[in-house]
Amino acid sequence: MAPMKLYGSTLSWNVTRCVSVLEEAGGEYEIVPLDFSKGEHKSPDHLSRNPFGQVPALQDGDLCLWESRAICKYVCRKNKPELLKEGDLKESAMVDVWLEVESNQYTPALNPILFQCLIRPMMFGAPPDQKVVEENLEKLKKVLEVYEARLTKCKYLAGDYISVADLSHVAGTVCLGATPHASVFDAYPHVKAWWTDLMARPSSQKVASLMKPPA
Ligand SMILES: N[C@@H](CCC(=O)N[C@@H](CSO)C(=O)NCC(=O)O)C(=O)O
């Protein structure tokens, strides 16, 4: 079977969200970078993989997927279904809840911080808009309060088992570590322990190595 192809730059945390799961679930894959500066993500070839002209996209044989979390769930179903807990109705429901929480609560607060602190300086040579950073740090803190309460009760977000919901946080949180605001976790000891546990995984170390900004 030909390896799965993951299209996109590993500077994108939506792309490396999929790397965490590809590394954890196993299975042969290769990363096919697309050069945004040349508009390769808007080429007819890529639009045939992702009609929105975004990254990531995943090609597996004649199957083309996009949306990073859908890609993650596909890879889990294919190679490591226990990361979805689909054999258990209640456990799989909690995996779904916390994957949605990452997508709709955690990442919407995190993305503006990453854009201001990493993308703006690196891509546009502009300083962060501190007002935007502060506003979204406050939003993130409210989310982390919920995470702290949850992780006081169980080791991982969906329960006492790691799942795709935890792994979906890795890429963006690695990027948070590259900003001056990584210390936001310090006020939430169970969140910090959860993150330390996740970062110790070889899959997370791989993501961190791929996301080092170009020298
Ligand atoms: N919900 C989607 C987001 C993809 C996305 O925004 N991709 C960005 C790069 S990563 O920040 C992208 O492709 N931007 C180019 C564009 O939107 O034209 C997912 O999770 O896969």
Side-chain angles (χ1 to χ4, degrees), residues 4-25 29-60 63-78 83-84 95-124 126 128-129 132-133 136 139-140 143 157 163-179 181 203-204 206-208 210-214:
M4 291 178 276
K5 291 184 177 180
L6 179 67
Y7 290 84
S9 161
T10 53
L11 286 177
S12 155
W13 50 91
N14 287 304
V15 172
T16 46
R17 173 176 291 113
C18 303
V19 173
S20 288
V21 174
L22 284 159
E23 289 290 320
E24 286 281 339
Y29 76 97
E30 61 180 280
I31 298 173
V32 183
L34 293 181
D35 188 335
F36 272 31
S37 66
K38 294 179 185 159
E40 290 179 353
H41 58 309
K42 304 300 184 189
S43 68
D45 276 355
H46 190 62
L47 288 168
S48 70
R49 291 185 285 261
N50 179 342
F52 294 94
Q54 290 188 320
V55 294
L58 182 90
Q59 185 158 9
D60 187 14
L63 179 67
C64 270
L65 302 176
W66 66 93
E67 288 300 330
S68 57
R69 297 167 189 86
I71 291 169
C72 289
K73 289 170 78 172
Y74 169 77
V75 171
C76 290
R77 275 194 196 98
K78 181 180 176 185
L83 287 171
L84 298 173
V95 173
D96 287 346
V97 163
W98 288 97
L99 185 60
E100 289 296 322
V101 166
E102 174 274 312
S103 178
N104 297 299
Q105 306 289 346
Y106 182 88
T107 296
L110 179 62
N111 273 352
I113 298 167
L114 301 184
F115 182 81
Q116 292 299 327
C117 296
L118 300 175
I119 304 297
R120 255 171 71 101
M122 187 170 71
M123 307 282 279
F124 306 104
D129 179 332
V132 172
V133 172
N136 285 282
K139 287 180 185 172
L140 185 59
V143 173
L157 290 170
S163 77
V164 66
D166 304 291
L167 297 172
S168 193
H169 287 77
V170 170
T173 310
V174 162
C175 293
L176 179 65
T179 77
H181 306 292
S203 62
S204 302
K206 170 84 173 181
V207 166
L210 287 172
M211 297 200 83
K212 282 198 182 358

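Order of appearance sets the numbers: ligands from 1, and atoms from 1 within every ligand.
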message: Please list the nearest protein heavy atom to atom 10 (S) of ligand 1 with its residue and the distance rounded to 0.1 Å.
response: Ser12 OG, 3.0 Å
task: Classify the side-chain pair Gln54/Asn50 by whether it contains a donor and acceptor separated by less than 3.5 Å.
output: no
message: Tell me the contacting part of Asn14 for ligand 1: side chain, backbone, both, or neither, using a 4.0 Å heavy-atom threshold, strictly below.
response: side chain
message: I'd like to know if Trp13 contacts ligand 1, where contact means a heavy-atom distance under 4.0 Å to any ligand atom.
response: no
message: Within ligand 1, which atoms have a heavy atom of Lys42 less than 4.0 Å away?
response: 16 (C), 18 (O)
Main-chain N/O of Val55 paired to Asn14 side chain as donor or acceptor, under 3.5 Å: no
- prompt: Would Asp60 and Lys78 count as a side-chain contact (heavy atoms from CB on, under 4.5 Å) if you check the C-alpha gap in whole Å, the side-chain angles of each, and the deciding distance to 0.1 Å?
  reply: CA-CA 11 Å; Asp60 187 14; Lys78 181 180 176 185; 2.6 Å; yes
Nearest non-hydrogen protein atom, atom 1 (N) of ligand 1: Glu67 OE1, 2.7 Å
- prompt: Any idea which of Trp66, Phe36, Phe52, Tyr7 brings a heavy atom closest to atom 15 (C) of ligand 1?
  reply: Phe36
query: Does Val19 offer a backbone N or O that forms a donor-acceptor pair with the side chain of Thr16 under 3.5 Å?
result: no
field: atom 17 (O) of ligand 1 [closest protein heavy-atom partner, distance rounded to 0.1 Å]
entry: Gln54 NE2, 2.9 Å
statement: heavy-atom search around atom 7 (N) of ligand 1 in the protein gives Val55 O, 2.8 Å
- prompt: Looking only at heavy atoms, which two atoms of Cys18 and Pro56 are closest? And how far apart?
  reply: SG-CG, 3.8 Å
message: List ligand 1 atoms under 4.0 Å from Arg69, heavy atoms only on the residue side.
response: 20 (O)
- line: Closest non-hydrogen contact found for Gly53 with Lys42 is O-NZ, 2.9 Å
Thr173 and Tyr106: side chain donor to acceptor below 3.5 Å: yes
field: Protein contact to atom 21 (O) of ligand 1 [nearest heavy atom, distance to 0.1 Å]
entry: Ser68 N, 2.9 Å
